[in-house]
Amino acid sequence: DAGITQSPRHKVTETGTPVTLRCHQTENHRYMYWYRQDPGHGLRLIHYSYGVKDTDKGEVSDGYSVSRSKTEDFLLTLESATSSQTSVYFCAISESGAGGGYTFGSGTRLTVV
Amino acid sequence: RKEVEQDPGPFNVPEGATVAFNCTYSNSASQSFFWYRQDCRKEPKLLMSVYSSGNEDGRFTAQLNRASQYISLLIRDSKLSDSATYLCVVNTNAGKSTFGDGTTLTVKP
């Protein structure tokens, strides 16, 4: 399997606190993505990166920020967590972008109480 | 209407059965198509790409109908291990991916 790991795997946090999720890859892929998965909504793109320091917003980016200072690491920050951000977060990598298919990490289950 | 819609599930089939799922898309500019498999509480995993001419991988066959704007996945000789949720993904030429909500398949002994 491709080398992509997410941390933490599970997290419970309080409303209003900042939270950072980490995605680490060992495949040297250019593209990295953060998705959230919720019942009835499928997977929705939060932010993506097409290179070091190159990021862009997805369809549900409000309340989230990202950073990519190295090829292998893509961080997702919830600036002030809300209950609506309780979800499963998946990081994905791709060598050639969306048309090449994705490899997903194992996910982070985040609960905001 | 959602951009990508999948057959509502769940599909419950006996071992050995043939089952097919459809996925319709609304954007005629869509360029590439994929099927992913997702096991319960796991990440999606790429199952197969979908090519214009149709493609087969063992017991799995994927087809694309551009005129009617849908893709399909056919599973022959279903195994217990095929039980999962199957997600279709449609990409535009601008690199935007839209995921379907998934169709759940349960294969029973």
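Residue numbers start from 1 in every chain, and the chains themselves are labelled A, B, ... in the order their sequence lines are given, proteins ahead of strands.
Within 6.0 Å of CD on A/E79 lie more than 12 heavy atoms contributed by other residues, nucleotides or ligands. For A/Q25, the CD atom is densely surrounded, since the number of other residues' heavy atoms within 6.0 Å is greater than 12.
Within residues 50-63 of chain A, no residue approaches chain B closer than 4.5 Å by heavy atoms.
Neither the backbone nor the side chain of A/L45 comes within contact range of chain B; no heavy atoms are under 4.5 Å apart. Using a 4.5 Å cut-off between heavy atoms, B/F33 does not touch chain A at all. For a residue to count as touching a neighbouring chain, one of its non-hydrogen atoms must lie under 4.5 Å from one of that chain's; by this rule A/R44 does not touch chain B. Contacts of A/Y31 with chain B are absent, with no heavy-atom separation under 4.5 Å from either backbone or side chain.
Clustering ILVMFWY residues whenever any of their side-chain heavy atoms sit less than 4.5 angstrom apart, transitively, puts A/Y102 in a cluster other than the one holding A/I4. B/L87 is not connected to B/Y70 by any chain of hydrophobic side-chain contacts under 4.5 Å among Ile, Leu, Val, Met, Phe, Trp and Tyr, and they are in different clusters. Both A/I46 and A/I93 sit in one connected hydrophobic cluster of ILVMFWY residues. Membership requires side-chain heavy atoms under 4.5 Å apart, directly or through other members. Following chains of ILVMFWY side-chain contacts shorter than 4.5 Å, one can reach A/Y89 starting from A/M32, so the two form part of one hydrophobic cluster. Grouping the Ile, Leu, Val, Met, Phe, Trp and Tyr side chains by contacts below 4.5 angstrom, directly or via other members, places B/M48 with B/I71.
Closest non-hydrogen pair, B/D101 versus A/G42, comes out as OD1-N, 3.2 Å.
Side-chain N/O atoms of B/E43 and A/Q6 include no donor and acceptor closer than 3.5 Å. Under 3.5 Å, the side chains of A/Y33 and B/S97 contain no donor-acceptor pair of N or O atoms.
Using a 30° and 60° split on the angle between ring planes, B/Y36 and A/F104 fall in the perpendicular class, above 60°.
Considering only heavy-atom pairs separated by less than 4.5 Å from chain A, the leading option among B/Q38, B/Q31, B/K2, B/Q6 is B/Q38.
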